[in-house]
Amino acid sequence: MAKSKKKRSNNGKNGKNEPDSGLWPILGAAIILVLIIAAILLLSNQDTGMPAEASEAEVLQAFRDRGVSEIIIQDLARDFASGDYTLKELKTNYPGFEEDIDAVHDQLAVVEDEVIATVNGDPITQNELATQIALLPEPYQQLFTEEQVLQEIIDERLLMQEGARQGIVVSDEDVDAAYQELLVQSQLTEEQLLANLQSFGLDNDDLKNMLHRQLMISRVLNTSVNVNLSVSEEEVKRFYADNEAAFQADAQVTVKHILFATSEEISAEDAQAAAEDALARYDDSEDFCDLVAELTADVGSRENCGEYTFGRGFMVPEFEEVSFRLAAEETEIVLTQFGAHLVLKIEDLDATTTPYEDVRDEIEARLISQQRTERYQAYIQELRENAEIIFAGEEPEESTGTSVEIVPPEDTEPVEPEEPVTEVEEPTPEESAPEVEVEDLEVIVPETPSEPVEPIEVSVTTGDAETEEVDDLAGCLADKDVTLYMAAWATASVDEAEAYAGMVTVLDCAGDDEATCLEADVNAYPSWNVEGEQHWGRLSEQELAAMAGC
């Protein structure tokens, strides 16, 4: 009998040999801008929302001043002031009054706006902060508090002010070129882009202002931070040696099995007897795969000849013990809570270490990214130390009044982009500040990184924090396409089904959902389909949240 093709599972790590990251940091001023532009391009369902403290009486008078019919004004004013509806929902609910709704929203927003901080005398308003948050893609709104986003706006102001001090110029031609590049990247017409902007309460001038800020920040960083970034071969090798465990794959086994499931009608003794009959047929030279196709109750592995490759901790103890103990080509019957398994050992897969040469470039890129991050943090810190930043209600502190300039290493020319483009990479969670080479990167709505990350702490005013986090995850997952494939005999998948009950779609591949599992080509438990991407193995709440964009 021919051996199956050798394969390794990834133990739920999605095939990445990388050290676990810590807390995912704040994105940084440059990346915040790119996320906002990306959200506009792809027209997410964000909404700038209602003014927070507009009374029904104020709203009623504002609509009355605009001559809105008294027949409708009471209901419209009540819904508007309740805060329960977004602008889009109000416009849908009250067709024909779209312009009035926008006008009243803008009017009340201006009245209620207040300065919450100044940066060297440059004001930041509450509405500016609220708009910045509302324009972020949904996953990032959940990750960051208002205070964190405010700090990013402050950093943006400092970088813009430093660009002006250095005499860096972003021309109208530069901005127009970036605008045209956005149209090409997004494959939108100018009319479609304008429609997207209007859904956010913005226009082309607002977008071009964002592009101007993005280009300015990019050029400041490219002349002050992103120069002479390099690491030595010794540093790369030292990282590899210090993180040896991250580049190892545990020992695994490959087995094939036939499951004779127990039930109310079928006892353990009956299942054992059926397994012994199958073993006798195999010993009489019947093909094992033919027996699997005919007899197994494990529908998820039926099309794969009953084959699994796994490490320790992924199967029930009895099944795991037999699988690791047997020699290649040996068979044995083992009883578990799911029934009797006829196990055929295929091979042992030794623990392996990914060679240095295979990961050298990846390590170098990570170290350079960390170096860029450290420089960015130092640069921002110096700008802050030499600035006058005053929050609402605070008295101004005396500032040194000196400007900041990080001088590039000698014999290094400042990096100027050849063309003003607006591309940006998604920030990786292990960095403690953004990828800041904004001009040379692609503008996309970034997926939440696939690396396991812990969410940034957010303030909770009432209720139990842990319960609220679970409720938030459940609420987010309800809007996502997430399916868990499980089988009753595979303990790991049962545990996952219990942990995420009610949050995701759970399919029982050993029961009524057999056909669906076969169509999905599922052959290991637990398996996942998260937003169209297949994953295998257990997932923590943090991993699942990151993969689903929650």
Side-chain angles (χ1 to χ4, degrees), residues 9 253-284 286-310 312-326 330-346 483-529 536-538:
S9 72
V253 292
T254 298
V255 301
K256 296 180 179 180
H257 88 130
I258 304 173
L259 172 63
F260 299 89
T262 54
S263 65
E264 292 182 0
E265 295 78 22
I266 303 174
S267 66
E269 291 76 15
D270 293 337
Q272 175 82 23
E276 290 173 353
D277 289 342
L279 177 57
R281 291 172 61 180
Y282 175 67
D283 288 340
D284 287 339
E286 287 198 43
D287 184 77
F288 194 87
C289 292
D290 290 342
L291 293 172
V292 170
E294 176 187 346
L295 302 172
T296 191
D298 177 15
V299 296
S301 67
R302 182 180 294 162
E303 299 300 316
N304 196 37
C305 193
E307 181 177 313
Y308 288 101
T309 297
F310 56 91
R312 293 191 180 277
F314 282 84
M315 298 296 185
V316 291
E318 302 89 345
F319 190 91
E320 176 185 298
E321 189 277 327
V322 166
S323 299
F324 276 88
R325 174 170 48 79
L326 292 176
E330 287 185 345
T331 57
E332 186 170 321
I333 296 171
V334 59
L335 285 173
T336 72
Q337 68 262 44
F338 307 109
H341 306 256
L342 172 55
V343 180
L344 170 64
K345 178 69 167 282
I346 302 301
T483 301
L484 166 63
Y485 301 93
M486 56 85 66
W489 63 268
T491 300
S493 70
V494 174
D495 292 343
E496 294 291 79
E498 292 177 353
Y500 296 109
M503 298 187 191
V504 303
T505 301
V506 179
L507 299 182
D508 183 0
C509 297
D512 295 338
D513 302 310
E514 172 184 355
T516 303
C517 296
L518 290 175
E519 289 179 4
D521 195 26
V522 175
N523 55 27
Y525 308 112
S527 288
W528 296 83
N529 186 300
W536 180 82
R538 296 174 184 264

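Computed over heavy atoms, backbone and side chain alike; hydrogens, waters and symmetry mates excluded.
In this structure Arg302 satisfies the side chain to side chain contact (heavy atoms under 4.5 Å, CB included) test together with Thr296, Val299, Glu514, sequence neighbours excluded.
Taking the six-membered ring where the residue is Trp, Phe310 and Phe319 present tilted rings, their angle falling between 30° and 60°.
With hydrogens and angles ignored, the 3.5 Å screen pairs no side-chain donor or acceptor of Lys345 with any backbone N or O of Val255.
Of the inter-residue distances, the one linking Glu269 atom CD with Leu335 atom CG reads 8.5 Å to the nearest 0.5 angstrom. Rounded to the nearest 0.5 Å, atoms OG1 (Thr505) and CG (Asn529) are 10.0 Å apart. To the nearest 0.5 angstrom, Ile266 atom CD1 is 10.5 Å from Phe260 atom CZ. Atom-to-atom distance recorded for Ser323:OG and His257:NE2 is 9.0 Å, nearest 0.5 angstrom. Within the model, atoms CG of Leu291 and CG of Leu342 stand 8.0 Å from one another, a figure rounded to the nearest 0.5 Å. Rounding to the nearest 0.5 Å places CZ of Phe324 at 4.5 Å from CZ of Arg312.
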Atom pairs and distances, donor-acceptor, side-chain atoms in residues 271-279, under 3.5 Å, two or more places apart:
residue : atom : partner : partner atom : Å
Gln272  : NE2  : Glu276  : OE2          : 3.1

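Checked by atom type, the side-chain pair Thr516/Asp513 shows no donor-acceptor distance below 3.5 Å.
For the pair Leu507 and Cys517, the tightest heavy-atom approach, listed with the atom from each and the gap, is CB-SG, 4.4 Å. Minimum heavy-atom separation, Ala340 to Ile333: CB-CG2, 4.4 Å. Of all heavy-atom pairs spanning Ala497 and Val506, the tightest one is CB-CG1, 4.0 Å.
Using a 4.5 Å heavy-atom threshold, the side chains of Asp508 and Met486 count as touching. Annotation: side chain of Tyr308 is in contact with side chain of Asp298 (closest heavy-atom distance under 4.5 Å). Here the side chains of Lys256 and Val292 are not in contact, with every heavy-atom distance at 4.5 Å or above. Using a 4.5 Å cut-off on side-chain heavy atoms (C-beta onward), Met315 and Val253 make no contact.
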**Request:** Please assess Ile258 against Tyr282 for the test side chain to side chain contact (heavy atoms under 4.5 Å, CB included), listing each intermediate value before the final yes or no.
**Result:** CA-CA 11 Å; Ile258 304 173; Tyr282 175 67; over 6 Å; no
